[in-house]
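Report on the following structure.
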Amino acid sequence: MQEPYLAIKNFMEFIGLPWQLGKTFKAELKCTYRMGNTRPLTIERTVVEFYCDEKRAKVFVPEFARTSFHEWFEVPRQTFDYAPGGTMLKIRNPAHGNQAAYTVGIKPIA
């Protein structure tokens, strides 16, 4: 089984960011947030932060924090997917109790 942080590491390499343990790197990207089957909230251009850690790798999208979705998306709280050769990092969280399932997509600006 692949280590959970590798999806973030591989996506960072795809967009040209280094992976250095304990460091945070930023990139201007396009992000979407979809809760359940609703229409996604799309941010066309924002600075996304990536925190490099093998046990608790994190991704921060400022606009999603302001709308009280999340401060950080974090391994192992969410599932991170990035297919080699792909263009999008997907963050998934299944429904828990009263919280609906959600999906976040992060990709380069076209």
(message) Among residues at least two apart in sequence or on other chains, which ones pass side chain to side chain contact (heavy atoms under 4.5 Å, CB included) with Thr32?
(response) Pro40, Thr42
(request) Taking side chain to side chain donor-acceptor pair (under 3.5 Å) as the test, write out the residues that go with Thr46, two or more places apart. (result) Glu63
(message) Test: salt bridge (Lys or Arg N to Asp or Glu O under 4.0 Å). Region: residues 93-105. Which pairs qualify, not counting sequence neighbours?
(response) none
(message) Tell me which pairs pass salt bridge (Lys or Arg N to Asp or Glu O under 4.0 Å) where either residue lies in residues 91-110, with sequence neighbours left out.
(response) Asp81-Arg92
(request) State which residues pass side chain to side chain contact (heavy atoms under 4.5 Å, CB included) with Arg56; sequence neighbours excluded, sorted by chain then number. (result) Asp53, Glu74, Pro76, Arg77
(message) If you apply the rule side-chain contact (heavy atoms from CB on, under 4.5 Å), what do you find for Ile106 with Ile91, and how did you get there?
(response) CA-CA 8 Å; Ile106 301 173; Ile91 304 168; 4.0 Å; yes
(message) Test of understanding: with side chain to side chain contact (heavy atoms under 4.5 Å, CB included), list the residues that count as partners of Thr87, not counting sequence neighbours.
(response) Phe14
(request) Apply ring pair (Phe, Tyr, Trp, His ring centres under 6.0 Å) to Trp19 and Phe50, showing your working. (result) CA-CA 9 Å; Trp19 174 273; Phe50 298 89; 9.3 Å; no
(message) Test side-chain contact (heavy atoms from CB on, under 4.5 Å) on Asn93 and Phe73; report intermediate values, then the result.
(response) CA-CA 10 Å; Asn93 194 55; Phe73 299 103; over 6 Å; no
(message) Looking at every heavy atom in both Lys58 and Trp72, which two are closest together, and how far apart are they?
(response) CB-CE3, 3.2 Å
(message) Check for me, please, whether Leu21 and Ile8 land in the same ILVMFWY cluster - side-chain distances under 4.5 Å, paths through other members count.
(response) yes
(message) Applying side chain to side chain contact (heavy atoms under 4.5 Å, CB included), can you list everything that pairs with Pro18, at least two apart in sequence or on another chain?
(response) Gln20, Phe25
(message) Less than 4.5 Å apart, side chain to side chain, heavy atoms only: is that true for Ile43 and Phe64?
(response) yes
(message) With a 4.5 Å cut-off on side-chain heavy atoms, are Phe60 and Thr24 touching?
(response) no
(request) Can you see which heavy atom on Val47 is nearest to which on Pro62, and at what distance? (result) O-CD, 3.1 Å
(message) Applying ring-ring contact (aromatic ring centres under 6.0 Å, His included), can you list everything that pairs with Phe11, at least two apart in sequence or on another chain?
(response) Tyr82
(request) Could you tell me the separation between the OH atom of Tyr5 and the CD atom of Glu54, rounded to the nearest 0.5 Å? (result) 4.0 Å
(message) Which residues pass the salt bridge (charged side-chain N to carboxylate O under 4.0 Å, His left out) test with Glu13, not counting sequence neighbours?
(response) none
(message) Using the side chain to side chain donor-acceptor pair (under 3.5 Å) criterion, which residues pair with Glu49? Sequence neighbours excluded.
(response) none
(request) Determine which pairs satisfy salt bridge (Lys or Arg N to Asp or Glu O under 4.0 Å) with at least one residue from residues 23-36, sequence neighbours left out, and list them in order. (result) Glu28-Arg45, Lys30-Glu44
(message) Could you work out, with side chain to side chain donor-acceptor pair (under 3.5 Å) as the rule, every residue matching Arg39, not counting sequence neighbours?
(response) none
